[in-house]
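Position 1 is the first residue of the sequence, and the numbers go up from there.
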Amino acid sequence: FFQAEDGIRDHCVTGVQTCALPIYELVQTTNSKMYYVRDQALAIVRRLDEQKIDESKALSELEKLKQIDYNNAILNEFIEEIIFRKDVREVGRLMDCNQFSEAIKKAKRSRSQKLRYMTAQFCLNILIENSQKLPPELLIELVRSAYELCPDDPEFREVYKLFHII
């Protein structure tokens, strides 16, 4: 920090303004932006964990931080995690209400491969647990839905082959 006593004198600049100049330059560095955004994101997530704010508010605040450091890995990870949690709850709610096609659509639109995998796994679990009770067309629909969500998953390939999906 500089003070007027250090030899910086200008009739237009006050001591406070003189002190702010080096701070402003520091805040403009890439590293300072990264640390600032990280610290702010951690504070937002802490408030979310403490239930002082809801997920929508946290997401909104985190998205605003992207204006400062768009590529901040920690920030983007927090945003993806919150979106994932919301999507999981919504897909689960739709499944609980027997709105399978809506749940599948929601999972397909998700950016999360993990959610698509979980939803495909759920479809196949329904198939396995209820294969004797469900009509054949519903069984095929469950397998097709799983395939649409995770076409290349090796864990599901045998089921896909069994139902002639691949």
Kindly work out whether a path of hydrophobic side-chain contacts (I/L/V/M/F/W/Y, heavy atoms less than 4.5 Å apart) joins Tyr70 to Leu62.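 No, Tyr70 does not connect to Leu62 through the hydrophobic network.
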Hey, quick one: are Ile128 and Phe156 part of the same hydrophobic cluster, counting side-chain heavy atoms closer than 4.5 Å, chains of contacts allowed?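 In one cluster with Ile128: Phe156, no.
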For the [atom1] atom of [X] and the [atom2] atom of [Y], what is their distance to the nearest 0.5 Å?
X: Leu138; Y: Ser131; atom1: CG; atom2: OG; result: 11.5 Å
X: Leu59; Y: Ile83; atom1: CG; atom2: CD1; result: 5.0 Å
X: Glu61; Y: Arg47; atom1: CD; atom2: CZ; result: 4.0 Å
X: Thr29; Y: Tyr36; atom1: OG1; atom2: OH; result: 13.5 Å
X: Leu65; Y: Ile74; atom1: CG; atom2: CD1; result: 12.0 Å
X: Ile68; Y: Gln40; atom1: CD1; atom2: CD; result: 7.5 Å

State whether the number of non-hydrogen atoms from other residues, nucleotides or ligands found under 6.0 Å of Glu50 atom CD is greater than 12.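 Yes, because the 6.0 Å sphere around CD of Glu50 holds more than 12 heavy atoms from other groups.
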Within a radius of less than 6.0 Å around CD of Gln99, do more than 12 heavy atoms belonging to other residues, nucleotides or ligands occur?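 Above 12, so yes.
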Regarding Glu90 and Arg93, does a basic nitrogen lie under 4.0 Å from an acidic carboxylate oxygen?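 Salt bridge present between Glu90 and Arg93.
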Indicate yes or no: does Lys105 engage Glu102 in a salt bridge with an N to O separation below 4.0 Å.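 Glu102 and Lys105: salt-bridged.
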For a quick test of reading the model, state the closest non-hydrogen atom pair linking [X] to [Y] and the distance between them.
X: Cys123; Y: Ala146; result: CB-CB, 4.4 Å
X: Ala107; Y: Arg116; result: O-CG, 3.1 Å
X: Asn130; Y: Leu139; result: O-CD2, 4.4 Å
X: Asp69; Y: Leu75; result: O-CD2, 3.9 Å

When clusters are formed from ILVMFWY side-chain contacts under 4.5 Å, directly or step by step, what else is grouped with Leu94?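 Same cluster as Leu94: nobody, lone residue.
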Kindly give the cluster partners of Met34, where membership spreads through any ILVMFWY side chain lying under 4.5 Å from a current member.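 In the cluster with Met34 are Tyr35.
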Counting C-beta onward and ignoring hydrogens, is there a side-chain heavy-atom pair between [X] and [Y] closer than 4.5 Å?
X: Val91; Y: Met118; value: no
X: Ile126; Y: Phe100; value: yes
X: Thr119; Y: Met95; value: yes

Can you sort out the partners of Ser112 under side-chain contact (heavy atoms from CB on, under 4.5 Å), two or more places apart, ordered by chain and number?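 Counting only residues at least two positions away or on another chain, Ser112 forms a side-chain contact (heavy atoms from CB on, under 4.5 Å) with Phe84, Ser110, Lys114, Leu115.
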side-chain contact (heavy atoms from CB on, under 4.5 Å) with Ala58: which residues, sequence neighbours excluded?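 Ala58: side-chain contact (heavy atoms from CB on, under 4.5 Å) contacts with Ile44, Leu48, Ile53, Ile82.
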Would you mind listing every side chain to side chain donor-acceptor pair (under 3.5 Å) that reaches into residues 135-164, with sequence neighbours excluded?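 Residue pairs with at least one partner in residues 135-164: Lys108-Glu148, Tyr117-Glu155.
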Among residues at least two apart in sequence or on other chains, which ones pass salt bridge (charged side-chain N to carboxylate O under 4.0 Å, His left out) with Arg85?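 Counting only residues at least two positions away or on another chain, Arg85 forms a salt bridge (charged side-chain N to carboxylate O under 4.0 Å, His left out) with Glu81.
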